[in-house]
Enquirer: 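Structure below; questions to follow.
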Amino acid sequence: MSVWTDFLVALPEAEQGRGYRRITRGDVLALGEQDGQDTPAKVLVAAYAWGTGPWGFLVARRSRVFRDNEPLDILARLTDALDRQAASGPEAAYRSLLRRNENWLQHLGPSFFTKALYFGGAGALILDRFVAIALNHIEGWGLSTTGPWRSAAEYERWLRYATAQAETSSRIEGREIRPDAVELALFRYGRRIARL
């Protein structure tokens, strides 16, 4: 499993020093583009590091997925989910990772498995509490703001919404706006609302 974390030491040192590293969205996207047998597991580690951010107190909680699942199961299930995503779309991958489905992993909920799907292949988008907060505030969706989002239909609705918003924005702006730009904008908006 240490091969899944080797990339972390190559990341630039964070401002606070003391061995902390800085990881960006771009770093995780670049990792997901690598071709390697362990790439899906590395992407999950990177997504956890990126998604947890500077809140070190959450590391123990986040690490439970690696503690309570067999490494070979983690790799096999993530690989299968990404294969499903490539063959049948992100909705199929999402559905397979939901609780008690074929690729479910203990302690890995939609907030982080959508990060792994997004960084691991085209078409998926992140759905986390900040996106849910923004969708509720802007569109009145009524999503849980703490997750988990157990319905694949909610995720499918989110993907359709982001795609439609990106297409509309592209027409208005006269340049391509991707659905993940919509996700990032909603994430930032939802995080701002959560801080009020």
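When a residue number appears, it is its place in the shown sequence, counting from 1.
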Enquirer: Does a side-chain N-to-carboxylate-O contact under 4.0 Å join Glu102 and Arg84?
Expert: yes
Enquirer: Ring of Tyr118, cation from Lys115 - is the NZ or CZ under 6.0 Å from the centre and inside 45° of the axis?
Expert: no
Enquirer: Within this structure, what is the CZ-CG distance for the pair Arg157 and Leu127, rounded to the nearest 0.5 Å?
Expert: 11.5 Å
Enquirer: With rounding to the nearest 0.5 angstrom, report the CD to CD distance, Glu176 to Glu167.
Expert: 10.5 Å
Enquirer: Can you tell me if NE2 on His137 sees more than 12 non-hydrogen neighbours from other groups inside 6.0 Å?
Expert: no
Enquirer: How far does CG of Asn69 sit from CG of Leu75, to the nearest 0.5 angstrom?
Expert: 12.5 Å
Enquirer: Which donor-acceptor pairs under 3.5 Å do side chains of residues 29-51 form with protein atoms, sequence neighbours excluded?
Expert:
from: Thr39; atom 1: OG1; to: Gln34; atom 2: O; distance (Å): 3.4
from: Thr39; atom 1: OG1; to: Gly36; atom 2: N; distance (Å): 3.2
from: Thr39; atom 1: OG1; to: Gly36; atom 2: O; distance (Å): 3.2

Enquirer: Would you confirm whether Arg21, through its side chain, and Leu11, through its main-chain N or O, come within 3.5 Å as a donor-acceptor pair?
Expert: yes
Enquirer: For the rings on Phe130 and Tyr189, is their centre-to-centre separation under 6.0 Å?
Expert: no
Enquirer: For a side chain to side chain contact (heavy atoms under 4.5 Å, CB included) check, start with the C-alpha distance between Trp158 and Thr114, then their side-chain angles and the critical distance, and finish with the verdict.
Expert: CA-CA 12 Å; Trp158 158 229; Thr114 59; over 6 Å; no
Enquirer: Within this structure, what is the CZ-CD1 distance for the pair Phe112 and Ile126, rounded to the nearest 0.5 Å?
Expert: 9.5 Å
Enquirer: So, Tyr155 side chain and Leu125 main chain: donor-acceptor pair closer than 3.5 Å or not?
Expert: yes
Enquirer: Are the side chain of Arg77 and the backbone of Trp104 linked by a donor-acceptor contact shorter than 3.5 Å?
Expert: yes
Enquirer: Once salt bridge (charged side-chain N to carboxylate O under 4.0 Å, His left out) is applied, do any residues pair with Glu70, and if so which ones, sequence neighbours excluded?
Expert: none
Enquirer: Does Arg95 come within less than 4.0 Å of Glu156, counting only side-chain N to carboxylate O?
Expert: yes
Enquirer: For Thr145 and Arg129, indicate whether the former's side chain and the latter's backbone hold a donor-acceptor pair under 3.5 Å.
Expert: no
Enquirer: Under the criterion side chain to side chain contact (heavy atoms under 4.5 Å, CB included), I'd like the reasoning laid out for Ile138 against Leu186: C-alpha separation, chi angles, the key distance, then a yes or no.
Expert: CA-CA 9 Å; Ile138 295 168; Leu186 288 177; 3.5 Å; yes
Enquirer: So does Leu117 get a backbone contact from the side chain of Gln85, meaning a donor-acceptor N/O pair under 3.5 Å?
Expert: yes
Enquirer: Where is the tightest heavy-atom contact between Gln106 and Val65, given as atom of each residue plus distance?
Expert: O-CG2, 3.4 Å
Enquirer: Test your reading of the model: is there a side-chain donor-acceptor pair from Ser96 to the backbone of Ala93, 3.5 Å cut-off?
Expert: yes
Enquirer: If you look at every heavy atom in Pro179 and Ala166, which pair is closest and at what distance?
Expert: N-CB, 3.6 Å
Enquirer: Please check if Ile177 and Leu135 belong to a single hydrophobic cluster, counting links between Ile, Leu, Val, Met, Phe, Trp and Tyr side chain heavy atoms closer than 4.5 Å.
Expert: no
Enquirer: So for atom CZ, which belongs to Arg178, do other residues, nucleotides or ligands contribute more than 12 heavy atoms lying within a distance under 6.0 Å?
Expert: no
Enquirer: Show, in sequence, the C-alpha distance, side-chain angles and deciding distance for Trp4 and Ile74, and conclude whether the side chain to side chain contact (heavy atoms under 4.5 Å, CB included) test is met.
Expert: CA-CA 11 Å; Trp4 297 357; Ile74 294 170; 4.1 Å; yes
Enquirer: Of the non-hydrogen atoms in Pro90 and Ala124, which two are nearest, and what is the gap between them?
Expert: CB-CA, 3.7 Å
Enquirer: Can you measure from CG (Asn103) to CG (Leu82) and round to the nearest 0.5 angstrom?
Expert: 9.5 Å
Enquirer: Should we count CZ of Arg64 as having more than 12 external heavy atoms under 6.0 Å?
Expert: yes
Enquirer: Going by the rule salt bridge (charged side-chain N to carboxylate O under 4.0 Å, His left out), which residues pair with Asp27 if we only count those two or more places apart in sequence or in a different chain?
Expert: none
Enquirer: Quick one: does Asp180's side chain have a donor or acceptor within less than 3.5 Å of a partner on Glu183's backbone?
Expert: no
Enquirer: Rounded to the nearest 0.5 Å, what separates atom CZ in Phe187 from atom CD1 in Ile133?
Expert: 10.0 Å
Enquirer: Quick one: does Ser151's side chain get under 4.5 Å of Leu98's, heavy atoms only?
Expert: no
Enquirer: For the side chain of Asn136 and the backbone of Ala132, is there at least one donor-acceptor N/O pair under 3.5 Å apart?
Expert: yes
